[in-house]
Amino acid sequence: MKHWLYKSEPEVYGIEHLRRDGTTLWDGVRNYQARNNLMAARIGDRAFFYHSSAKPPGVAGLMEVVETRVVDPTQFDPESKYFDPASKPGDPRWITVRVQYVEAFEQFLALPFLRQTFTAKQLPILARGNRLSVTRVPPATARRLLDLTGSTERS
DNA sequence: GCCAACGTTGGC
DNA sequence: GCCAACGTTGGC
């Protein structure tokens with residue numbers, strides 16, 4: 001089982017929205033590297049929910065991947081801000097996953113704390129200039145994060 | 001609001 | 001294929 005980190009702005013869609021919805025389609029990713037990471041997810045993988053552009057930003061909760069390689073419908077919707085006129089229904093460009101709520105962490109981990117605790121190698125989003133919205137979290141880092149958050153999944 | 005770090009686009 | 005211009009992300 002792999003661990004990932006998915007970013008979203010909590011004012012747009014945060015862990016509390018997911019708690020309410022139960023599951024959601026992680027749509028709107030329009031970066032090829034991030035998409036490739038989404039395509040590498042397998043059912044049962046866990047994803048840390050990262051609140052970006054928040055005050056403060058940080059790791060807020062945990063999700064489980066429940067459906068993989070889902071065609072992102074917003075690419076074909078002219079009304080959507082994620083509409084991609086170059087993507088063809090027979091050859092969709094944007095593929096994503098469905099995620100399910102696992103928990104909102106008792107202990108939110110703010111970015112300054114993450115910087116104190118991990119190196120950029122341990123947690124790729126800390127790398128200078130890293131703007132990728134979907135990244136892998138190495139197993140050792142995932143374990144430490146789960147411990148630090150008081151997750152129900154801690155070992 | 002600013003800026004760094006990229007990714008994308010389009011002219012040539 | 002190069003590269004300048006432009007757009008986006010996201011922290012500060």
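Labels below follow one simple rule: chain letters A, B, ... track the order of the sequence lines, proteins then strands, and each chain is numbered from 1. These values consider heavy atoms only, across backbone and side chains, with no hydrogens, waters or symmetry-generated copies.
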Measure the distance from [atom1] on [X] to [atom2] on [N] and round it to the nearest whole Å.
| X | N | atom1 | atom2 | value |
| --- | --- | --- | --- | --- |
| A/Tyr82 | C/dG7 | OH | C1' | 15 Å |
| A/Arg128 | C/dC12 | CZ | C1' | 13 Å |
| A/Asn31 | C/dG10 | CG | C1' | 13 Å |
| A/Gln33 | C/dT9 | CD | P | 15 Å |
| A/Ile125 | C/dG10 | CD1 | C1' | 11 Å |
| A/Leu132 | C/dG10 | CG | P | 9 Å |
| A/Glu9 | C/dT9 | CD | P | 8 Å |
| A/Leu5 | C/dG10 | CG | P | 11 Å |

Subject >> A/Trp4 six-ring centre to A/Arg136 NZ/CZ under 6.0 Å and within 45° of normal >> reply: yes

Please check the phosphate of [N] (OP1 and OP2 only) for any side-chain N or O of [X] closer than 4.0 Å.
| X | N | result |
| --- | --- | --- |
| A/Arg115 | C/dC12 | yes |
| A/Arg30 | C/dT8 | no |
| A/Tyr32 | B/dC6 | no |
| A/Lys7 | C/dG10 | yes |

**OP:** Flag the pair A/Tyr101 / A/Asp21 as yes when at least one side-chain heavy-atom distance between them is below 4.5 Å, and no otherwise.
**Re:** no

Original post:
When you match A/Arg131 and A/Pro112 each to their closest nucleotide on DNA chain C, which lands nearer the 5' end?
Top reply: A/Arg131

**OP:** Answer with yes or no whether the side chains of A/Arg30 and A/Thr74 bring together a donor and an acceptor at under 3.5 Å.
**Re:** yes

Original post:
Side-chain donor-acceptor pair under 3.5 Å between A/Gln100 and A/Thr23, yes or no?
Top reply: no

